[in-house]
Each structure stands twice: as structure tokens, then as C-alpha cells.
Amino acid sequence: MINITLPDNSVRKFEAGVTGLEIAASISEGLARNVLSAKVDGEVWDATRPIGHDAQVQLLTWNDKEGKSTMWHSSAHLMAEAIEALYPGAKFGIGPDIENGFYYDVDTGDRMITDADLPLIEAKMKELAKQKQTYRRREVSKQEALDYFNKKGDEYKLELISELEDGKITFYESGGFVDLCRGPHVPDTGHIKAIKLTSIAGAYWRGDEKRKQLTRIYGITFPKSKELEDYLQLIEEAKKRDHRRLGKELEIFTFSQKVGSGLPLWLPKGAELRERLEAYLKKVQKAAGYESVITPHIGNVELYKTSGHFQKYGQESFRPITTPVEGEEFFLKPMNCPHHCEIYKYKPHSYKDLPIRYAEFGTVYRYEQSGELHGLTRVRGFTQDDAHIFCTPDQVKDEFKGVMAIVMKIFKALDFDNFVTQISLRDPDNKEKYIGTDENWEKAEKAILEVAEETGLETVIVRGEAAFYGPKMDFMVKDALGRSWQLGTIQVDYNLPDRFELEYIGSDNEKHRPVMIHRAPFGSMERFVAVLIEHCAGKFPLWLAPVQAIILPISEKYHAYAEKVLSLLQNSEVRAEIDTRSEKTGKKIRDAELKRTPFMLIVGEKEEMDETISVRKQGEGDLGTFSVDGFAEMIQKEIIKLVSDKK
RNA sequence: GCCGAUGUAGCUCAGUCGGUAGAGCAGCUGAUUUGUAAUCAGCCGGUCGGCGGUUCGAGUCCGUCCAUCGGCUCCA
């Protein structure tokens, strides 16, 4: 007999070799029906795998994250089985579960799988699922594994197996389909009730663009069809928040093929919004000791040779601009830092001057691959809320913390609470990708890791994601469809000061090298506004809304009174407009609601008589009657609450 | 850049078997003078993404380029 400890710390005795499924059955029939896998001493196992010794066991169902993973991983196998049945000879790459569902990379040779095949595969999967095929785990030797896939002719699996250690290789079989797999899997395919194959895409084998591109099929499954319906509904709702759609509807930005792809055009309402964000940050930065600088949009190629950008990115940049007579080469600036380094050098500096903080909303241009462009989040011309801090080595940590405080303040002011802080370090196995000495890199990485430690901020550390001149701390935020984007960034750099030979005179009267911190709390205005739009679904915080209130006269008779209200509001610095169209009030309200105008002020006979306005709040409805002053005061209070309470 | 899909009026979309385009909304004009999510009528609006080809004839078929969308790769 063995002792099984359950999550509530109760201990039950079972015969050795008991399975998760049997434990579930001993608790309740319902649990046994729903159990997908079992966590045994911290490791997720098949619910059908015998447990041979005393263990902590947690039964996993659809309500557990790991239960969902098990289900989706099994679904990937089910899909592969269906594909093998429909397209004999198909070869398989990898087929993992992901955040929302699963995918499998397949190579069907000349018979390309297209969107039209998805319903067929789906139908086959449903058919196989109904058969309640069990997933059977089998340990195999490396030789046995190689022999099997050699015979099958699947070079992808062979490559994967060749990298595995003998004695740790398992196969899973369901129906007639055998796959190399670590597991675990659900007990049988009957658990997979609702199936939706969502999309199809090309994906390079092992993520290497020099290798063959396989067909990746994405899908998601659920134990109940209602849940699938809910999920699809949720996706539809999320699409409505897409900044590309809302940006158009709310007249924030547009693109023109004639101007060029990836080059956003800010419309008046978008420009208004952006200017407000910029003004806000400028105020915060001024208070934090930043000074504004302004630099041109192009720079001599020599500047970028000094910085190292030319060597690293020269070939994948917009082609240089040349002067007609001398043939000098200029690049559209892809970064502001080289220019700022040259500003630092315009005169000698004393340690007493430091830190120096140069800030610029600098517009930069980068050639992004055509397939990468994406609304406002990935563009070829964008404006960074950039600044470079030049400081002594002793000041690095305090300056870094100061920047973090600005980022947090901004995120808080805009209710961005779902961000992930990522620390990006150099890939130690690929040092040639970076410039600078090991010593400088170690100092810079140490500084960031220490600051993270000291501030207690939860971070994710990723190796190989650093900038080529230094490590960084990035603030990542997800868009409406769950895609992660980098917004704010803080980078510690010991290398550019070397390359530009930046100096300051220390208290010892000797020359020293300053340290640079690159930072952009928004990241870029384009991406930030994109994420902001999705975050608030177009309902901007009152202080940012391009139009805060729209006055809706009941009829033409009240236009004069509307004008009066408008001028009173303008005196109180409320941004307002009048809808003078000859439309019914219901129509005007509908349009204002759709434009997400925060307040609608209805004025008619009653209001004119009493010198009042009838206030309706977007998304909420009628708030009742207010005096103009009372309303202006309410708006101002709300703005103060929105902006200052959160500091 | 790669794989796949898509591209028809400002927007959202229809257009059968190849016979030179249609709706709603928006816009304009007029009527209406409107009370908390769509008043009515008329009008304007399209080299059917560009270029080439097949055909008596192409929005429709073929090729190519461009753009957009979903991924992959990349992202100073």
C-alpha cells in the first residue's frame, strides 16, 4: 500500500500502481469523469499512469491551467492523427499546447494544406474524438525510436530524437497514430468535445529562417461546445477593440499607400491626443531634471559608424541619402542616441554637471520587413519619447530607479496594470552579436539586476534579447488579441560612451568615462497610443479625450444658447463642440456614443429657461440637470482625480 | 523577407456560369424643428488595388507587382 497526499493534506492509502483516474473515482464519479491529468510530486502525469510510491497528488481538470495544457496537447495529437489519416505520408514537426489552444507543424509535401482543408480536418478530429481513443504511453529506447521514424521517413522527428538522451524517450499512441512525446495526455479523446481550427501559417522548422518552412495549423478545443461559443464570442469582442479599427472609427490615424506603408498619418483628433500625452510626460520630465534638446532627422554615415549602428544595421536600413556634388552619405536617423552623444561633447563636462539628462521626442525611421508592419504598433517611422542620461558610475542605480519611477507613474496614470517587466541580457553564446567589452557588459547587467532586486519589482529574465550595445529592462503590455508589445524601455550602456569617447573631469582632476542610460517610458508614441486605444476600448480617460463634451441642441431654436454654453465651457477649459445638424436628438446621441464622447450636453427649452444643461455620460446614460459652472467643476474634479490621485 | 488568405464607392459588404457594377451607412440638397442609441425623400459617388495576358467580351480566368490580414523570421 502507498500513501497518497491530496491538496487538502488528507492522506489516503491505495495499492501501489494506482492511477490518478482511480484516485479520482474513489472521491467521486464526477471528478473521475472530468480528470484530465494528475500532478504527481509536482510533475504533471497522465491520469492513467500508475503511481508506484508515496506521493503528493493533485488531480487536474479543465479548471486548472495544467489541465487545459494537457487537453490542448492531446488535441494537437488528435489533429495530427486526423491529418495523417487524410494526407498519408504527412511528416510532423512539433505540436505543443500554447496559451490559447495548440498548434502542430506539418509537412505534407506537395499537397499543401490550405484554409479549405481546415473544416475537413476538424470533421475528422470530431470523428476520431468520438471513438474515445485512449492515449497510451510507452517508454522506448533511442534506437527503437530512431528505427520507427526512419521507417516512417519523418526527418523532423529523427532530428528531435537524435538530440534526446537514451532512456528518457517516450512514445504515445492513440488510434493508429504514434508520436514522439513527453506527455502527458488526457485519458481518452472523448474529453475533446468542441473543436475549432483557427488559422494556418507558415513557420520555419526550429524557428530558423534558413530552414524549411512547415505548415503550422492552430486550433483550440473545449470540453463543452458552449465554452467554444463563448471563446469565439470573446475573440469577436476583442476584435472590436483592435486599434486599427478604432483608430479609423475615432479618426485617430490613417495610412496612405501613396505616402508609404508603415508611415502613419496622425489625424487632428489623434494629434490632439498625442500632444496631450507628450505635454504630460514633458511636465513629469521637467520636474525630474530633464532638459530638452532637438536634433535633425538625418545624420552622416560616419556618426553611425562610430556608434556601431552602421555595421549592425547598415544593410537593413533605408538606403542612404547622398549629396549631389560631394557624394556625402546620410542616413535617416534610426536612433537618437548618437546625436545626443554629440550634444554631450559640445563642451567639456565636470562631474559636478552630472547627471545630464537630454530629452527629445525624436522621430526615427527604420526599415521593417514588409511582413512585419502592423497598424501603429510596428511602423517604419515613429517618434520615441527618448532621453539619454549621462552620469557617473556611482549614479547609475539612482538614475535607473528615477526612470523606473517615471514609467510606473505613467502606467499608473493610464491604468496600465497588466504589464510584464522583462530584463533582457546578452546571449553569452553569441557574443559577436554585441559591441563592447565583457567587463562593460557585466557591469551594465549587474546594475540592472541589482536595481530590480532592490526595487522588488517582479521581473522575467530573458537571455539574448539585449540591445547590441547594452542590456535593458522593458515593460511589455498585451494588445486586445493577446499579443505582447514592448512599451517602455530602460537601457544601461557602457559601450557608446567608449565609442564616442565621452568624458567628464572627476574630483581627482582626471578624465573619466560617463555611463549612458537610454530610456523611453512610452517607447514610441505610435505604439503607446495603439495599446492605449485597445486598453480603454476607445474610451480615453477624460483628460486625454480629444473632445470632452458635445453639446446637442434639441432643435435649431437652441443653437444660440448652445453657443453660449460652448463659450462658458471654453472659458473653463473644457474641450467641447456643438452638433448643429438638423437631426433628431436620438440620432445625435447615438453618434456621440459611438464616437465615445465622454459627455453629451442636451440643451432645449427647459435648459435655456433655467440656464442649465442636461448631462448624459457616455456608456452610462442620463446624469440629470447641471448648471454650466457645476458641470465644468465636475469635469475638472474628475480630471484631477484621474491624474493626481494615482501618483 | 517567407507561408497562406484577402483587395469592389469614404466605411461595411453583395455581385450566379465570363456578357463593361449594386445595397446600407457616410457625404451633398431639400423637407422636417426634433428630448436621451438611427426622421423622410432626392442626388452625388467606382479605371472593381496596379500592370500585363487569355477571350468577340474580364470585377469574374491566368501571370506579375503592390497593399492589407493571420502567423514565421526580424525588431537599434
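We name chains A, B, ... by the order of the sequence lines, and we start the count at 1 in each one. Computed from heavy atoms alone, side chains included, the values below leave out hydrogens, waters and symmetry copies.
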Whole-Å distance between B:G71 P and A:Asp115 CG? 13 Å

Stacking of A:Tyr313 on B:A76 base (centres under 5.5 Å, planes under 30°): yes

Taking atom P of B:G71 as reference, at what distance in whole Å does atom CG of A:Leu118 sit? 15 Å

Under 4.0 Å: is that the gap between some side-chain N or O of A:Lys584 and OP1 or OP2 of B:C40? no

So, is A:Arg380 close to the B:A76 phosphate, meaning a side-chain N or O under 4.0 Å from OP1 or OP2? no

A:Ser424 versus A:Gln422, side-chain donor and acceptor atoms under 3.5 Å: yes

Name the nucleic acid region contacted by A:Arg378, choosing base, sugar-phosphate or nothing; use a 4.0 angstrom heavy-atom cut-off, strictly under. base

For A:Gln213 and for A:Glu368, find the nucleotide of RNA chain B with the closest heavy atom, then tell me which residue's nucleotide is more 5'. A:Gln213

Would you please indicate if the ring centroids of A:His374 and A:Trp485 are separated by under 6.0 Å? yes

Can you check whether A:Lys258 has a side-chain N or O nearer than 4.0 Å to OP1 or OP2 of B:G49? no

When all nucleic acid strands are considered with a 4.0 Å heavy-atom cut-off, which category describes A:Glu583: base, sugar-phosphate, or nothing? base

Name the pairing partner of B:U33, where a pair is Watson-Crick or G-U wobble with both distances under 3.5 Å, or state none. none

If pairing requires Watson-Crick or G-U wobble contacts with both distances under 3.5 Å, which nucleotide is the partner of B:C2? B:G71

Determine the contact category for A:Ser582: base if any of its heavy atoms lies under 4.0 Å from a base atom, sugar-phosphate if only primed atoms, P, OP1 or OP2 are that close, otherwise nothing. base

Please measure how far the C1' atom in B:A26 lies from the corresponding atom in B:G35, and state the result in whole Å. 25 Å

Below 4.0 angstrom from OP1 or OP2 of B:C72, is there any side-chain N or O of A:Arg211? no

Could you measure between the two P atoms, the one in B:U60 and the one in B:U6, and give it in whole Å? 14 Å

Would a line drawn from the ring center of A:His340 to the ring center of A:Phe390 be shorter than 6.0 Å? no

Round to the nearest Å and state the distance from A:Tyr104 atom OH to B:C72 atom P. 18 Å

Does OP1 or OP2 of B:G35 have a side-chain N or O of A:Arg616 closer than 4.0 Å? no

May I ask you to verify if any side-chain N or O of A:Arg216 is less than 4.0 angstrom from the OP1 or OP2 atom of B:C3? no

So, is A:His374 near the phosphate of B:G70, with a side-chain N or O under 4.0 Å from OP1 or OP2? yes

Pair A:Lys478 + A:Glu99, salt bridge at N-O below 4.0 Å: yes

Identify the nucleotide, in any strand shown, that forms a Watson-Crick or G-U wobble pair with B:G19, with both distances under 3.5 Å; if there is none, say none. B:C56

Taking the six-membered ring of A:Tyr204 (Phe, Tyr or Trp), confirm whether the NZ or CZ of A:Arg211 is under 6.0 Å from its centre and within 45° of its axis. no

